[in-house]
Asker: 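To start, I am sharing the structure in question, which I have written as structure tokens.
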There are 2 protein chains.
Amino acid sequence: MIITEKHAHILEKAEELFATNGYEGTTVRDIANAAEVNLAMISYYFGSKEKLIEALFKIRMEGTKLKIEAVVNNENITPFQKLEILVDNYIGRVFERQSFYKVMLTEQMLNKNSVILKFMRQYKMSYITLIDEVIKEGHNLNQFKKEIDTMLLLCSMTGSVMQAIIGKDNYREFNLLNKMKENDFEELLKERLSKHIKSLFKVILGYEQ
Amino acid sequence: MIITEKHAHILEKAEELFATNGYEGTTVRDIANAAEVNLAMISYYFGSKEKLIEALFKIRMEGTKLKIEAVVNNENITPFQKLEILVDNYIGRVFERQSFYKVMLTEQMLNKNSVILKFMRQYKMSYITLIDEVIKEGHNLNQFKKEIDTMLLLCSMTGSVMQAIIGKDNYREFNLLNKMKENDFEELLKERLSKHIKSLFKVILGYEQ
DNA sequence: GAAAATATCAAACATTTGTTTAAATAAAAG
DNA sequence: CTTTTATTTAAACAAATGTTTGATATTTTC
């Protein structure tokens, strides 16, 4: 399937609606209105509502895998530096595409669509095997001193970021940051998350230089 | 509103359906079938589908707050022990009520219902202020050495647990635990999560006895 | 045990849903 | 320019949705 600009535009509007109202809570009419196209165009372009969300997952997940792998194939940096870059990449991607990651989170729980499940499985597995490699490398170089549960560490990373995003407003309020501009606040939160998660990795892996 | 056994039974079936299919993805007919009552009984008992999910949040959140506070009012244990108990309580509650916590997670993202928002806000705030107190106590006693971002630590706790639950099957597969019985596996995962999160707290707070 | 209140039921209700149709318009190809 | 192909449209479609109705059964109250 060829994705034109029109496709991409509709997908972006649909993505926003799915993030705020859920897949089932979003009607094809909502999408058509938001994208300012005729109702029938959704079927015309994508075939069905279900194929539309499949297309969304396809387009969003395509680039991601390559981006992740590029980091690890860089030979000139230490394992811990690689992990730091992976963390920052992850945070950057989630903040850049908050809507999509919210959709992903709900679909992880609810979805039974096999196409979407395949995409998510692929994404997760590439991430975990990659990090596992880097961690093994660090152990071999005797830079990481502790044996760890990679998957739980990954849960902490993704979970911390997602919870922070979902509870953004609570965080803002609790830390008395209401006056800040939205953009500045997001940068602050990203920065704090980055530090927080890197230190998680550090202490859990028993990193020593 | 008085909650009878019949109410509770319908709510439990609805809760399961909401967890697997989402609120919008669950029809009143689905609930009636699952609870083995006539379709009209849902309206008769709860007034509407929306009031049903509000009742679910009400009943589930009522007990929680008291349980949390009981821990902290125990004077005979150290701050870090209190945190350990809070962590184990949290894990225990989530595993015991996986369906509800899944519903909560999606509603956190999607819901605009003011009644539900109020419940969740209350829940979150009571948790955070409580933990904040314990952490201050630990600092005053010079047992915690590091200044921390309480809310991010909380994000890591809740996020780790939720991600682990959502990705249970992945965890099982990746760690080659497929032969294990579901119950045994859950106990194992709880144990590992408990250790993992407690060590997070320990290192991030700079705990020294 | 009759009267009143509560619970259950199948059927019907008006909306909303995703999708399709067939006609009209615009763009591309020859 | 004309024909063919691709796009856009309003209207229609059947199925599904949350809710209500009015009749019937069951339980409670006195």
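Quantities reported herein were computed from a predicted structural model and do not represent experimental measurements. The figures here come from the full heavy-atom set of this structure, side chains too, leaving out hydrogens, waters and symmetry mates. Chain letters run A, B, ... following the sequence lines, proteins first and then strands; every chain starts at 1.
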Asker: Do the side-chain N or O atoms of B:Y44 get closer than 4.0 angstrom to the phosphate oxygens (OP1, OP2) of C:dT6?
Answerer: no

Asker: Identify, between A:L39 and A:Y45, the residue whose nearest nucleotide on DNA chain D lies closer to the 5' end.
Answerer: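 Checking each residue's closest nucleotide, the 5'-ward one belongs to A:Y45.
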
Asker: Roughly, in whole Å, what's the span from CZ in A:R29 to C1' in D:dT9?
Answerer: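 Spelled out: CZ on A:R29 to C1' on D:dT9 is 14 Å.
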
Asker: Could you give the CG-to-C1' distance, from B:L17 to D:dT17, as a whole number of Å?
Answerer: 16 Å

Asker: Atom CD1 of A:I42 to atom P of D:dT8: distance rounded to whole Å?
Answerer: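 One finds 11 Å between P of D:dT8 and CD1 of A:I42, rounded.
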
Asker: For a quick check of understanding: with a heavy-atom distance under 4.0 Å over all strands, which category does A:T26 fall into, base, sugar-phosphate or nothing?
Answerer: sugar-phosphate

Asker: Within the pair B:N38 and C:dA10, is there a side-chain N or O less than 4.0 Å away from OP1 or OP2?
Answerer: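 So the side-chain polar atoms of B:N38 do come within 4.0 Å of the phosphate oxygens OP1 or OP2 of C:dA10, strictly under.
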
Asker: What is the distance, rounded to the nearest whole Å, between atom CG of A:N21 and atom C1' of C:dT17?
Answerer: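 From A:N21 CG to C:dT17 C1': 15 Å.
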
Asker: Please state how far atom CD in B:E36 lies from atom P in C:dT8, giving the value in whole angstrom units.
Answerer: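 Checked: the CD to P distance equals 13 Å.
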
Asker: From the options D:dG18, D:dA12, C:dT8, select the nucleotide whose nearest atom is closest to the side chain of B:M41.
Answerer: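 Selected nucleotide: C:dT8.
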
Asker: CD of B:E24 versus P of C:dT17: gap in Å, rounded?
Answerer: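 In whole Å, C:dT17 P lies 9 Å from B:E24 CD.
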
Asker: Set out, in order, the CA-CA distance, both residues' side-chain angles and the distance that settles salt bridge (charged side-chain N to carboxylate O under 4.0 Å, His left out) for B:K198 and B:D88, then state yes or no.
Answerer: CA-CA 9 Å; B:K198 284 176 190 167; B:D88 282 331; 2.7 Å; yes

Asker: Checking all strands, does A:T27 fall into the base, sugar-phosphate, or nothing category for heavy-atom contacts under 4.0 angstrom?
Answerer: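 Answer is sugar-phosphate: A:T27 comes under 4.0 Å of backbone atoms only.
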
Asker: Nearest to the B:A40 side chain among D:dT21, C:dT8, D:dT19, which nucleotide is it?
Answerer: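 Nearest to the side-chain atoms of B:A40, counting from C-beta on, is D:dT21.
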
Asker: Count the heavy atoms belonging to other residues, nucleotides or ligands that lie under 6.0 Å from NZ of A:K179, then report whether that count exceeds 12.
Answerer: no

Asker: Between A:F46 (CZ) and D:dT8 (P), how many Å, whole number?
Answerer: 12 Å

Asker: Does CD belonging to B:E36 count more than 12 external heavy atoms closer than 6.0 Å?
Answerer: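 Count not over threshold, so no.
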
Asker: Does NZ or CZ of A:K168 come closer than 6.0 Å to the centre of the six-membered ring of A:F185, within 45° of the ring's axis?
Answerer: no

Asker: Answer with yes or no after comparing the ring centroid distance for A:Y127 and A:Y123 against a 6.0 Å cut-off, counting only values under it.
Answerer: yes

Asker: Expressed as a whole number of angstroms, how long is the span from B:I31:CD1 to D:dT19:C1'?
Answerer: 13 Å

Asker: Is A:K6 close enough to D:dT8 that one of its side-chain N or O atoms is under 4.0 Å from OP1 or OP2 there?
Answerer: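 Answer is yes, contact under 4.0 Å.
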
